[in-house]
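The block underneath contains the structure these notes are about, expressed in structure tokens.
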Amino acid sequence: MARFELKLPKMGESVAEATITNWLKEVGDKIEADEAVLEIATDKVDSEVPSEVSGVLVEQLFGKDDLVQVGQTIAIIETDSTAVTETVKEIAAPAAVAAIEKTVDTAKEAVSVPADFSNSEKFLSPLVKNIAKEEGVSVAELESISGTGKDGRVTKNDILEYVKDRTSQPVISTAVAAVQKIVSAPVAQKAAPVSLSGGDEIIEMDRMRKLIAGYMVASVQTSAHVQSFIEVDVTNIVKWREKNKVAFEKREGEKLTYTPIFMEAVAKAIKDFPGMNISVDGDFIIKKKNINLGMAASLPNGNLIVPVIKNADQLNLVGMAKAVNDLGGRAKAGKLKPDDTQGGTYTVTNVGTFGSVFGTPIINQPQVGILALGAIRKMPAVIETPEGDFIGIRQKMFLSHSYDHRVVDGALGGSFVKRVAEYLEAFDIDRDF
């Protein structure tokens, strides 16, 4: 029977480990090639690990919430299942199969395999080992005993009590009885949310929300946040987009939103002010060579994530639109890869999506700045002309720039956001896309 080792795959150059968040398959379950076996999470992205072969899952080497290194074996898949396993599978719930197989293996070990207690994961005292050897108790049996000692250790009384119960019937019969007990046991129900006085609920944060909470608190405690705000006239951009969005989608197969236009302006401003494209490591400032723009995007559960547009300054508007749509679409579908969120040097978030005029965003560490895009609104404005000033209706928005005052002074922080505004206001309404 062939045994295939399912390993944690490489998920990108900067990702070395992941946490198991959920097993989609239990021991004894059939698995088809390319079928997802478990769900994993890096510090920001959730993903699935598929099987490379068809077979039966016979062993899970890690449990939920365990941290696994890239390349480590996480499960064993048997590519030729036995008839016994299939028969039991038909009558037992998937969650019971693991216990059934372990019980059968225990029986086999007890009658045929000499004990080698050096392989036991439990701490066993010399006295317990001697009793086990004399009574023919296998390693697998010892592993199954719930110890009453400190940290679950098996004591002398535990092993003697086990031997006493064991001698009343053959080992194989014990295994059969255990199987019957497991098959007939009721399925445990998931606990309902706790209710207080019939009104308030206590709901535990999901993993992503816990991570976000930790990042936000750590950022505020790390960086000295300062904000600069500037109002921008984006009338030309609004008119140009309305004029070209249909043709753009027809030619490029991509929707044209405002985001790539804003990202293009931010990338240009960072080239003008490279002091914003840095990070801090202790007492050292790291100047970043590449301009990698993070863009806040929504996940299926409503949480936010920041995928990264790599080398954003090297993209034209079409390339920027494709990158924005690709990352945003995969974020909404929950299909981002770990590397998609790595390496950002500056972040942009669109608070205007939710109707906010401006905001005070928290810096995405270890970066030193983040720009919030406010809602675009029609506003009365003074328009200067050679013939004089007059009042007109213009499309305006606010840019909110949060920056780390440890390393970015007001002159740099203010000049940078002003340069972004200048690029947006100078947008050529006759440009091609």
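These numbers come from the heavy atoms of this one structure, side chains and all, not from hydrogens, waters or symmetry mates. Positions are given from 1, in the same order as the sequence printed here.
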Quick note, side chain to side chain donor-acceptor pair (under 3.5 Å) partners involving residues 317-328, not counting sequence neighbours, are Glu254-Asn325, Asp326-Arg330
task: May I ask you to check whether over 12 heavy atoms, not counting those of Glu204, lie within 6.0 Å of atom CD?
output: no
- Query: Does CZ in Phe427 sit with more than 12 non-hydrogen atoms of other residues, nucleotides or ligands closer than 6.0 Å?
  - Reply: yes
So the side chain to side chain donor-acceptor pair (under 3.5 Å) pairs with at least one residue in residues 271-280 (sequence neighbours excluded) are Asp272-Arg419, Asp272-Tyr423, Asn277-Thr345
Applying side chain to side chain contact (heavy atoms under 4.5 Å, CB included) to Val280 and not counting sequence neighbours gives Val368, Arg406, Val407
Notebook entry, point to check: Do the side chain of Asn290 and the main chain of Asn292 share a donor and acceptor less than 3.5 angstrom apart?
Noted result: no
When rounded to the nearest 0.5 Å, the distance separating CD1 of Ile261 from CG of Leu256 is 5.5 Å
For Ala297 and Pro307, the nearest pair of non-hydrogen atoms, with its separation, is CB-CD, 4.1 Å
Smallest heavy-atom separation, Gln365 atom then Ser219 atom, equals NE2-OG, 3.1 Å
key: Side-chain donor/acceptor of Asp281 to backbone N/O of Phe284, under 3.5 Å   = no
| request: Step through the shown structure and confirm whether more than 12 heavy atoms of other residues, nucleotides or ligands are within 6.0 Å of NZ on Lys210. | output: yes
Would Thr347 and Gln367 count as a side-chain hydrogen bond (donor to acceptor under 3.5 Å, both in side chains) if you check the C-alpha gap in whole Å, the side-chain angles of each, and the deciding distance to 0.1 Å? CA-CA 8 Å; Thr347 296; Gln367 299 166 25; 2.7 Å; yes
Discussion item. Tell me whether the count of non-hydrogen atoms from other residues, nucleotides or ligands lying under 6.0 Å of CZ in Phe390 goes above 12.
Written reply: yes
Short side-chain to backbone donor-acceptor contact, Ser415 and Leu412, under 3.5 Å | no
**Item:** Any side-chain heavy-atom pair of Lys25 and Gln60 under 4.5 Å
**Value:** no
Short side-chain donor-acceptor distance under 3.5 Å, Gln227 and Ser400:
no
Report task. Anything under 30° is parallel, anything over 60° is perpendicular, the rest tilted; go ahead and classify Tyr346 against His401. Result -> tilted
**Prompt:** Under 3.5 Å, side chain of Arg3 to main-chain N/O of Ile76, donor-acceptor pair present?
**Reply:** no
> Would you say Lys418 and Ser228 make side-chain contact, with heavy atoms under 4.5 Å?
Replying inline: no
Short question: side chain of Gln395, backbone of Val234 - any donor-acceptor pair under 3.5 Å?
no
Could you walk me through whether Glu249 and Lys245 satisfy the salt bridge (Lys or Arg N to Asp or Glu O under 4.0 Å) test, starting with their C-alpha distance in whole Å, then the side-chain angles of each, then the deciding distance to 0.1 Å, before giving a yes or no? CA-CA 6 Å; Glu249 184 172 2; Lys245 63 181 182 181; over 6 Å; no
Between Val318 and Glu252 the two heavy atoms that sit nearest each other are CG1-OE1, 3.4 Å
Interatomic distance, CE@Met320 vs CG@Asp313, rounded to 0.5 Å, equals 8.0 Å
Can any side-chain N or O of Ser54 pair as donor or acceptor with the backbone N or O of Ala33 at less than 3.5 Å? yes
Quiz item: Is the backbone of Pro361 close enough, under 3.5 Å, to the side chain of Ser402 for a donor and an acceptor to pair up by distance?
Solution: yes
Ser51 and Glu35, any side-chain heavy atoms less than 4.5 Å apart = no
dist Lys268:NZ -> Leu424:CG (nearest 0.5 Å) comes out at 9.5 Å
